[in-house]
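Report on the structure given below.
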2 protein chains.
Amino acid sequence: MKKRQTVTLKHIAEALNLSVSTVSRSLKNHKDISQETINLVKAKAKELNYFPNIFAQGFRNKRTHMIGVVVPNITHYYTSTLLEGILDEAEKKGYHVIIMGSKDSYKKQIELLDTMIHLGVDGILLSLTRDTQNINQIIKYIEQVPLILFDKVSRKVPCTQVIIDEEQAGFNAVKHLIEIGKKRIAIFKETEDSFNSMRRYEGYLRALKTYNLPVDESIILSSKNIPMEQGRILAETLLQNPNRPDAVFCITDSCAVGAMQTFKKHHLKVPQDIAIVGFSNSLISQVVEPQITTINQPGIKVGQTAINYLIDEIDHPNVNFMDYKTVAIKTNLIVRNSTVLIP
Amino acid sequence: MKKRQTVTLKHIAEALNLSVSTVSRSLKNHKDISQETINLVKAKAKELNYFPNIFAQGFRNKRTHMIGVVVPNITHYYTSTLLEGILDEAEKKGYHVIIMGSKDSYKKQIELLDTMIHLGVDGILLSLTRDTQNINQIIKYIEQVPLILFDKVSRKVPCTQVIIDEEQAGFNAVKHLIEIGKKRIAIFKETEDSFNSMRRYEGYLRALKTYNLPVDESIILSSKNIPMEQGRILAETLLQNPNRPDAVFCITDSCAVGAMQTFKKHHLKVPQDIAIVGFSNSLISQVVEPQITTINQPGIKVGQTAINYLIDEIDHPNVNFMDYKTVAIKTNLIVRNSTVLIP
DNA sequence: TCTTTTTCCGCAAACGTTTGCGGGTTGAAT
DNA sequence: ATTCAACCCGCAAACGTTTGCGGAAAAAGA
């Protein structure tokens with residue numbers, strides 16, 4: 001390993017018999033410098049393959065052009081689409097991204113945020129862990145650095161938030177079930193500490209209300225989190241119900257797959273006997289038989305939107321504390337064979 | 001947004017009536033400093049919540065404690081497990097990670113590597129794009145900064161490489177098919193420019209040879225890349241074969257799922273009529289019916305191993321150019337219903 | 001011709017940390 | 001009492017970039 005090349009302003013200055021300051025100013029088109037000199041400097045800079053030393057810059061100014069991203073779990077498919085949007089957009093705008101995973105631990109989340117601050121990031125994109133109760137801790141960070149919430153958010157935190165329109169998505173899912181003639185629609189959801197699940201549930205309720213269907217607590221099933229196994233368990237529970245529903249809206253695709261497996265095991269026909277709608281349009285929703293009708297979440301767009309709002313906030317630090325907004329990205333329903341028979 | 005707190009060595013020095021240099025040395029246990037002073041300084045540092053300015057440090061020394069990771073595609077599930085291993089291990093070792101995606105473009109890959117160098121990363125973890133022909137470009141980077149290849153690698157690049165033992169995995173997959181009594185085993189693979197696929201294919205050949213089965217070119221099917229759709233197409237092709245195979249080893253899980261869909265469409269029984277082995281142990285291999293026997297790749301371990309070798313190389317820059325090695329992480333076969341009937 | 005303005009550029013300080021060097025103090029050895 | 005280590009610690013320079021300030025040269029006005 002050789003020492004890496006390191007051409008500095010000084011080299012350009014010496015080659016051109018100019019001062020370092022003139023070179024520095026030329027490269028950023030300072031008005032004090034003649035166009036002639038500017039051209040000269042830029043040419044020489046390109047010739048020598050000059051690149052500013054990020055650390056000297058970040059040290060002198062306070063800008064580092066780095067953005068920190070903290071998410072609960074990196075290996076989740078939807079998360080990776082969010083990250084893709086973030087990374088692409090960041091690169092376009094000349095920012096670099098540092099990603100860290102909090103493993104859904106509040107304590108770890110705080111540690112990571114501290115690290116980010118100390119690393120000197122210009123701003124932070126945060127997706128909250130499920131057990132984020134102590135909002136005050138988070139608020140302290142907002143006072144130190146531009147921070148916006150995305151995906152897993154909380155209304156209680158006063159900052160800009162970018163999410164998908166969970167409520168509308170839930171509404172559309174149930175509306176679809178109603179439109180295909182289902183009358184008794186169950187829901188498998190998470191317990192109250194999940195913001196996303198709560199909002200989807202609100203959509204469910206609004207749809208029932210809009211179409212004058214009764215709300216029956218006995219077919220509203222919750223559990224702490226919803227992996228596939230939980231879908232099976234809730235499905236078993238549901239089948240105990242003397243008045244079996246003719247459809248179920250599952251808050252996640254995994255849960256929907258688990259539920260479907262159980263229904264099939266009990267020789268129920270999907271969608272004739274019981275229709276299923278999932279959430280996420282994950283890969284598995286497309287490979288099971290029948291394929292699952294689901295909500296498509298444009299993760300890339302959420303990521304892009306989030307980082308653009310963040311960069312905007314970084315560039316305009318004057319914005320008022322109370323001047324934040326919630327941005328809801330629209331979803332779309334993808335209809336497949338778990339709700340309607342397509343030849 | 002308030003200005004962020006910025007406790008420097010100077011503050012500690014003034015509070016203790018010491019010089020900045022003494023404080024600096026105390027914090028790194030320099031032998032010139034008395035234990036008494038060291039304790040004093042460390043206590044005050046903690047009290048003031050001092051944290052070294054990364055940029056001043058990275059500027060002064062040449063170490064940045066940042067590691068660059070370049071992968072073809074972030075949204076791939078296996079990639080995300082690799083990243084998880086990398087991120088966790090990096091954090092433990094006090095490094096930060098910058099991730100960038102090359103979108104499987106060679107040109108973009110080069111751009112990203114340049115960016116990483118200019119960013120001043122201490123080392124680079126690289127998973128090659130498929131179309132990486134010009135190895136010389138890559139070698140230039142090796143001369144500038146510690147770099148190791150992982151997952152998607154090339155033997156031609158002289159540096160440490162961390163991969164799974166693809167050949168052994170391929171061998172084990174086919175060996176399993178032979179052991180359950182299959183005699184005529186097809187393979188769906190990628191074309192020659194995929195290192196990983198080539199190695200798995202070699203394992204396939206070795207297994208046939210070991211068990212004295214003939215190699216039949218007519219049931220060795222390749223295509224440029226292998227998504228699910230391609231699995232269906234290759235399966236259709238295979239069914240044209242007058243002498244139908246009784247098993248197929250698919251180089252990816254997606255491909256296996258596609259193939260299975262086609263076989264079922266043609267009313268073939270899996271595994272009785274034709275058995276299937278996939279590769280990756282991805283989520284979809286577990287949700288289709290029947291579930292797919294597949295190779296489990298410990299992505300987290302690969303990631304951990306890769307970054308540990310890299311950090312080692314960073315810490316010992318004296319190592320010789322030719323002193324690199326290839327590390328192959330063992331895989332394991334997960335047997336499911338696509339090869340044997342489990343009640 | 002002399003002053004005033006404009007244009008263009010260099011000087012030097014500053015950011016926070018690290019480190020070679022040199023100097024002061026202490027205690028022990030001569 | 002003098003010398004000599006050993007032990008602590010401070011001075012100052014350096015890393016590459018940015019920027020306020022001041023000044024020389026050229027252009028304009030009188």
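We name chains A, B, ... by the order of the sequence lines, and we start the count at 1 in each one.
Side-chain nitrogen and oxygen atoms of B/S19 include at least one within less than 4.0 Å of the OP1 or OP2 phosphate oxygen of D/dG10. Between A/S21 and C/dC11, a side-chain N or O to OP1/OP2 separation shorter than 4.0 Å is absent. Considering only side-chain N and O atoms, A/Q57 lies under 4.0 angstrom from the phosphate OP1 or OP2 of D/dT18. In this model, the phosphate group of C/dC9 is approached by a side-chain N or O of A/S34 to a distance below 4.0 Å at OP1 or OP2. Using a 4.0 Å cut-off, no side-chain N or O of A/T8 falls inside it from OP1 or OP2 of D/dC15.
As a whole-Å value, the separation of A/F51 CZ from D/dT17 C1' is 14 Å. Following rounding to the nearest Å, B/L9 (CG) and D/dC11 (C1') show an atom-to-atom distance of 16 Å. Going from atom CD1 of A/I33 over to atom C1' of D/dT18 covers 13 Å, rounded to whole Å. One atom, CZ of A/R25, and another, P of C/dC11, lie 12 Å apart when rounded to the nearest Å. B/K28 has its NZ atom 16 Å from the P atom of D/dC9, to the nearest Å. Put simply, CD1 on B/I12 is 13 Å from P on C/dG16, counting in whole angstrom units. As rounded to whole Å, 12 Å separates atom P of D/dT18 from atom NE2 of A/H30. Taking atom CG on B/N29 and atom C1' on D/dC9, their separation rounds to 16 Å, with Å as the unit.
The shortest side-chain heavy-atom distance between B/I86 and B/F150 falls under the 4.5 Å cut-off. The shortest distance between side-chain heavy atoms of A/I164 and A/Y78 falls below 4.5 Å. B/D122 has its side chain out of reach of B/P146: every pair of non-hydrogen atoms, C-beta onward, lies at least 4.5 Å apart. Looking only at side-chain heavy atoms (C-beta outward), B/Q109 and B/M100 stay at 4.5 Å or farther from each other.
In terms of position on DNA chain D, the residue among B/L18 and B/R60 whose nearest nucleotide sits closer to the 5' end is B/L18. Between B/D32 and A/N53, it is B/D32 whose nearest contact on DNA chain D lies nearer the 5' terminus. Mapping B/K10 and A/Q35 onto DNA chain C by nearest heavy atom places A/Q35 closer to the 5' end of the strand.
Stem regions annotated for DNA chain D: C:1-30 with D:1-30, counting only runs of 3 or more consecutive pairs of Watson-Crick or G-U type with both contacts under 3.5 Å.
The listed nucleotides are C/dT17, D/dC9, D/dT18; the one nearest the side chain of B/V20 is C/dT17. Of the candidate nucleotides C/dT17, C/dC9, D/dT18, D/dT18 has the atom nearest to the side chain of A/S24.
Crowding of B/H76 atom NE2: a count of heavy atoms from other residues, nucleotides or ligands under 6.0 Å not exceeding 12.
D/dT17 has no stacking from A/F59 on its base ring, since the centres under 5.5 angstrom apart and planes within 30 degrees of parallel are not both found.
Taking both residues in full, the closest heavy atoms of A/T160 and A/Y309 are given as CG2-CD2, 4.2 Å, listed atom of the first, atom of the second, then distance. Of all non-hydrogen atoms in B/A90 and B/V97, the two that sit nearest each other are CB-CG2, 3.4 Å.
Using cut-offs of 30° and 60° for the angle between ring planes, the B/F55 and A/F55 rings count as tilted.
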